[in-house]
Amino acid sequence: MAHGLQIKDEDSGYNKNLFCIPKHYEEDLERVFIPHGLILDRTECLARDIMQDMGNHHIVALCVLKGGYRFFADLLDHIKALNQNGDKSVPITVDFVRIKSYCKDTCTEKISIVGEELSTLNGKNVLVVEDIIKTGRTMKALLSKLKDNEPKMVKVVSLLIKRIYRSPGYRPDYIGFEIPDKFVVGYALDYNEYFRDLNHICILKERAKEKYKS
Ligand code: HPA
Ligand code: MG
């Protein structure tokens, strides 16, 4: 069972004045929650775990856009480093999907996938790369669509999962950090498209939500 680095409910992160924050976001952030360096260190370790399990056969790394793109790029850098320095190596190809989800009457989530022709996943080791998982409903729906294409193996890595009591209990195969149910931005996670251009994962001030409201 994957756990990830646990960030406790009472853990509020770090004073933002001790980090470099883009000027245009200085007033919007409460605290630095997960510093960029820590994200990269944890990502290196995830890459090692993933290659141990999947590194015996062609891997298709499938990025869930847009929020997954930073994590995807950094994770693949680490995977490539392992793949070129080890005794054995496997081809790694990439695909990208965007998911639109809509939930009717809360029962089962319907999703539509925008992106690649998924038949290329047939017979491959597929690694789904996601930024954050809250309830897991969208991921379950995506997995059921991927399985229609008969991949050899499917694993899911999520940089973050939110600790939600009463959730249906989906857990990905690999987890970067398990965090409290707070709204976070940065490292490609957005609020109405803002804050993707922030390196650290941070907690927003309430009034920033008002400022960037769509
Ligand atoms: N931040 C950004 N996007 C999200 C979050 C979050 O905390 N939770 C679900 N999607
Ligand atoms: Mg996502």
Side-chain angles (χ1 to χ4, degrees), residues 2 4-14 16 19 21-22 24-36 38-40 42-43 46 62-75 96-103 106 108-115 128-143 156-172 174-214:
L5 196 157
Q6 302 272 322
I7 300 181
K8 299 207 164 66
D9 287 356
E10 62 273 19
D11 197 337
S12 66
Y14 304 87
K16 66 174 178 175
F19 292 84
I21 304 281
H24 55 280
Y25 291 145
E26 245 168 29
E27 296 303 307
D28 305 324
L29 305 172
E30 195 75 60
R31 308 270 291 171
V32 169
F33 200 47
I34 311 178
H36 187 232
L38 184 55
I39 298 171
L40 294 181
R42 181 75 192 117
T43 301
L46 290 171
L62 186 67
C63 176
V64 183
L65 294 170
K66 295 179 186 176
Y69 93 92
R70 287 288 302 275
F71 177 47
F72 184 78
D74 289 329
L75 181 68
F96 300 85
V97 290
R98 280 189 79 176
I99 299 176
K100 296 202 184 310
S101 57
Y102 36 98
C103 213
T106 70
T108 44
E109 179 141 337
K110 298 269 183 237
I111 63 165
S112 66
I113 300 175
V114 187
V128 181
V129 183
E130 177 66 285
D131 56 349
I132 188 163
I133 291 178
K134 194 167 171 178
T135 64
R137 272 195 227 103
T138 307
M139 185 52 67
K140 278 187 187 164
L142 174 62
L143 288 175
V156 177
V157 56
S158 185
L159 176 64
L160 307 173
I161 65 165
K162 286 200 180 170
R163 193 163 40 243
I164 301 179
Y165 306 100
R166 260 181 226 290
S167 82
Y170 171 81
R171 286 182 85 85
Y174 310 96
I175 298 168
F177 300 86
E178 183 175 310
I179 65 170
D181 188 12
K182 291 181 183 161
F183 195 81
V184 292
V185 294
Y187 196 67
L189 286 98
D190 74 310
Y191 177 71
N192 287 330
E193 297 301 325
Y194 290 91
F195 303 102
R196 296 195 200 275
D197 56 334
L198 171 68
N199 280 338
H200 313 291
I201 292 178
C202 298
I203 301 175
L204 266 191
K205 282 186 182 162
E206 276 309 314
R207 73 176 133 87
K209 292 184 185 166
E210 195 58 35
K211 177 173 164 189
Y212 295 102
K213 210 161 68 180
S214 55

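As the structure lists them, so they are numbered: ligands from 1, and atoms in each ligand from 1. All values below were derived from every heavy atom in this structure, side-chain atoms included, with hydrogens, water molecules and symmetry-related copies excluded. Residue numbers start at 1 and run along the sequence shown.
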Nearest atoms (heavy-atom pairs only) where L46 meets I175: CD2-O, 3.6 Å

At less than 4.0 angstrom from any non-hydrogen atom of K182, what atoms of ligand 1 do you find? 7 (O)

Which ligand 1 atoms, with their elements, are less than 4.0 angstrom from a heavy-atom of D190? 2 (C)

Quick one: NE2 on H200 to CG on L38, what's the gap to the nearest 0.5 Å? 11.5 Å

With no hydrogens and no angle check, do the side chains of D28 and Y212 hold a donor and an acceptor under 3.5 Å apart? yes

Which option, V184, V185, I132, owns the non-hydrogen atom nearest atom 2 (C) of ligand 1? V184

For atom 7 (O) of ligand 1, find the nearest protein heavy atom and state the residue, atom name and distance (0.1 Å precision). K162 NZ, 2.8 Å

Give, for atom OH of Y187 and atom CG of D197, the distance between the pair rounded to the nearest 0.5 Å. 14.5 Å

